[in-house]
Amino acid sequence: METTIRRGDDFHTHLREGEMLEKVLPFSNIWGRVTVMGNLSKPVATAHDVIKYRNKILQLNPKFIPIMSVMLVNSATPEILRKTFEAGAKVLKLIPGGASTNSSEGVGLENLHIYYPVLEEAQKLGMIFSGHWELATNPLGGEEISEVEREERAMPYLEKIIASFPNLKIIVEHATTKGMIEFVKNAPANVASTLTVHHALLTYNRVYHCDGINPFNYCKPVAKFVYDRKAIVEAMISGNPKFFFGSDSAPHLPERKRGQNPAAGIFTPAEVALTMLTEIFDSFGALSELENFISMSGAEFYDLPLNKDFITLRRKKWTVPKDYNGIVPFMAGHELKWKIVK
């Protein structure tokens, strides 16, 4: 059995920098376009940073099509944002301070109101505001919030942004809870969500178990519970244009994924993501919706033309390599049922 779909896009990935960028960039080539997040060791925060990072990517692969983002950091101003837009940034990216990798300069959710002029400029320019919506610590007492509660605790802040900026396109990145899925469904048309393949497959007990943490299943936001995973899959296969693919592929060297405090992030090469998504959609009798999720809904939300070429997959077993250029991928060593053949 074969299925052919229009080439898709990945609207959320971390290509990193330096040697890591060289290692992982070849494994995003299946996608037509890739939204590249800028939470590097020095965040992509200015026009100069946007140009410099894009040039590094294109030097490695001139045919690659990155959609550039700029980080909402504490030093952000409307003028700085406007210059990044003129330099080619399409996405304003929010990672609240402390919520994920290289986020120390990110604006905390409790301080977002201070940056409303920046968001107003983003709305005026037609940029997309793409956010990692988690509240890691209680702004009142400072105590740490449980990982499984952080996404839903961020919803009141998201709700205020939606109400304050009705014409700003807003993306909820990697929604992981049934509550957030329902929130996005009921939100205005300018609000959408990316969904990952790993959150459609993992639950909390495959990350944390009696022997400790499984580092190669550990990411932020952490995978939640069975009913949350079910809601994610249902949103994926529904055909609802508010939900589209963003891998949140976030590679780390193997040594950073092991030990007492493993780095958060799951590396998902494009061939693994695409074949696993095909397997998920096929298992629910929803192959006809795969193209909507991967190739159409996201492009339309971004106001981009659809990719013109196509990819064919065949129901054929293959095994995910144990590493890609030394980086351990999601589902390493597992046998998958679909394979890209053209």
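Side chain to side chain, E289 and S238 fail the donor-acceptor criterion of an N or O pair below 3.5 Å. Side chains of T176 and K224: a donor on one and an acceptor on the other come within 3.5 Å. Side-chain contact annotation: Y208 with E147, donor-acceptor N/O pair under 3.5 Å present. No donor-acceptor contact under 3.5 angstrom links the side chains of T312 and E2, judged on distance only. No side-chain donor from either of Y115 and T77 sits under 3.5 Å from a side-chain acceptor of the other. Between S247 and D10, the side chains place a donor N or O and an acceptor N or O closer than 3.5 Å (distance only, hydrogens not considered). Checked by atom type, the side-chain pair H198/N217 shows no donor-acceptor distance below 3.5 Å. Counted by atom type alone, N138 and E143 present one or more donor-acceptor pairs between their side chains at under 3.5 Å.
Here K42 pairs with D49 in a salt bridge; the nearest charged N to carboxylate O distance falls below 4.0 Å. The residues E144 and R150 are annotated as salt-bridged, a charged nitrogen and a carboxylate oxygen being separated by less than 4.0 angstrom. Ion pairing between a basic and an acidic side chain is recognised when a charged N comes within 4.0 Å of a carboxylate O; R315 and D282 show such pairing. Remark: K220 does not engage E134 in a salt bridge, criterion side-chain N to carboxylate O under 4.0 Å. A salt bridge is defined here as a Lys NZ or Arg NE, NH1 or NH2 lying under 4.0 Å from an Asp or Glu carboxylate O, and K178 with D228 fails to meet this definition. Between E120 and K124, no side-chain nitrogen of the basic residue sits less than 4.0 Å from a carboxylate oxygen of the acidic one, so the salt-bridge criterion is not met. Salt bridge status for E86 with K83: absent, with no side-chain N to carboxylate O gap under 4.0 Å.
From S28, atom OG reaches atom CG of L15 across 5.0 Å, with rounding to the nearest 0.5 Å. In this structure, OH on Y157 lies 6.0 Å from CD on E110, to the nearest 0.5 angstrom. For the atom pair CZ of R16 and CG of L40, the computed distance is 8.5 Å after rounding to the nearest 0.5 Å. Atom CG of D9 and atom CG of L306 lie 8.5 Å apart (nearest 0.5 Å). Expressed to the nearest 0.5 Å, how far NE2 of H12 lies from CG of L195 amounts to 12.0 Å. A distance of 10.0 Å separates OH of Y218 from NE2 of H252, quoted to the nearest 0.5 Å.
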Test log, rule side-chain contact (heavy atoms from CB on, under 4.5 Å), inputs L109 and L94: CA-CA 9 Å; L109 297 184; L94 167 70; 3.9 Å; yes
Could you walk me through whether L277 and L290 pass side-chain contact (heavy atoms from CB on, under 4.5 Å), step by step? CA-CA 8 Å; L277 285 169; L290 180 63; 4.2 Å; yes
In sequence, state the C-alpha distance, the side-chain angles, and the governing distance for M68 and V91, and then conclude on side-chain contact (heavy atoms from CB on, under 4.5 Å). CA-CA 7 Å; M68 302 305 296; V91 177; over 6 Å; no
I67 and V34: side-chain contact (heavy atoms from CB on, under 4.5 Å), yes or no, with the steps? CA-CA 6 Å; I67 300 171; V34 173; over 6 Å; no
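Counting all heavy atoms, side chain and backbone alike, A270 lies closest to I30 at CB-CB, 3.8 Å. The minimum heavy-atom distance between N214 and R206, with the atom names listed, is CB-O, 3.6 Å. In terms of heavy atoms, A175 sits closest to S193 at CB-OG, 3.4 Å. Here the closest heavy-atom approach between residue F281 and residue M236 is recorded as CZ-O, 3.4 Å. In plain terms, the two heavy atoms of P321 and P329 that are nearest each other are O-CG, 3.3 Å. The two atoms that bring T194 and E173 nearest to each other are OG1-CA, 3.3 Å, heavy atoms only.
Contact annotation: the side chain of L158 approaches that of M180 to within less than 4.5 Å [non-hydrogen atoms, C-beta and beyond]. A heavy-atom distance below 4.5 Å is found between the side chains of M127 and V70. A heavy-atom distance below 4.5 Å is found between the side chains of R258 and F216. Side-chain contact between V24 and Y324: absent, with no pair of heavy atoms (C-beta onward) separated by less than 4.5 Å. Between F301 and N190, every side-chain heavy-atom pair lies at or beyond the 4.5 Å cut-off. Taking the side chain as every heavy atom from C-beta outward, F330 and L201 approach each other to under 4.5 Å. Taking the side chain as every heavy atom from C-beta outward, N39 and M71 approach each other to under 4.5 Å. Contact check for V107 versus L112: side-chain heavy atoms found under the 4.5 Å cut-off.
Linking Ile, Leu, Val, Met, Phe, Trp and Tyr residues whenever their side-chain heavy atoms come within less than 4.5 Å places L25 and V50 in a single cluster. Placement of F244 and L304 within a single hydrophobic cluster is found when ILVMFWY residues are connected by side-chain heavy-atom separations under 4.5 Å, directly or transitively. Y116 and V118 end up in the same hydrophobic cluster when Ile, Leu, Val, Met, Phe, Trp and Tyr side chains are linked at under 4.5 Å. Cluster annotation: L202 is connected to L274 through the hydrophobic network of ILVMFWY side chains, with a link wherever side-chain heavy atoms come within less than 4.5 Å. No chain of hydrophobic side-chain contacts below 4.5 Å, direct or via other Ile, Leu, Val, Met, Phe, Trp or Tyr residues, connects I51 to I57.
Between the R54 side chain and the P66 main chain, no donor and acceptor come within less than 3.5 Å of each other. Checking side-chain atoms of W338 against main-chain N and O of K316 turns up no donor-acceptor pair under 3.5 Å. Looking at K242, its side chain does come within 3.5 Å of a backbone N or O of P188 through a donor-acceptor pair. At least one donor-acceptor pair closer than 3.5 Å links the side chain of R6 to the backbone N or O of N307. Between the K93 side chain and the S130 main chain, no donor and acceptor come within less than 3.5 Å of each other. A donor-acceptor pair is defined here as one N or O able to donate and one able to accept, closer than 3.5 Å; no such pair exists between the side chain of K23 and the backbone of I327. The backbone N or O of E271 sits less than 3.5 Å from a side-chain atom of T275, completing a donor-acceptor pair. Using modelled atom types, one side-chain atom of N186 and one backbone atom of E182 make a donor-acceptor pair closer than 3.5 Å. Remark: the backbone N or O of N292 is not paired with any side-chain donor or acceptor of S295 at under 3.5 angstrom. Between the side chain of E279 and the backbone N or O of K337, at least one donor-acceptor pair lies under 3.5 Å.
For K185, the NZ atom sits in a packed shell: over 12 heavy atoms of surrounding residues, nucleotides or ligands are nearer than 6.0 Å. Annotation: N55, atom CG; neighbour count of heavy atoms from other residues, nucleotides and ligands within 6.0 Å is above 12.
Between H132 and H174, the angle of the ring planes goes over 60°, which puts this pair in the perpendicular group of the 30/60° scheme. In this pair, F245 and W31 present their aromatic rings tilted. The plane angle is within the 30 to 60° band. Relative ring orientation between F225 and Y204 is described as tilted, the plane-to-plane angle lying within the 30° to 60° band.
Between F243 and F293, the distance from one ring center to the other does not fall under 6.0 angstrom.
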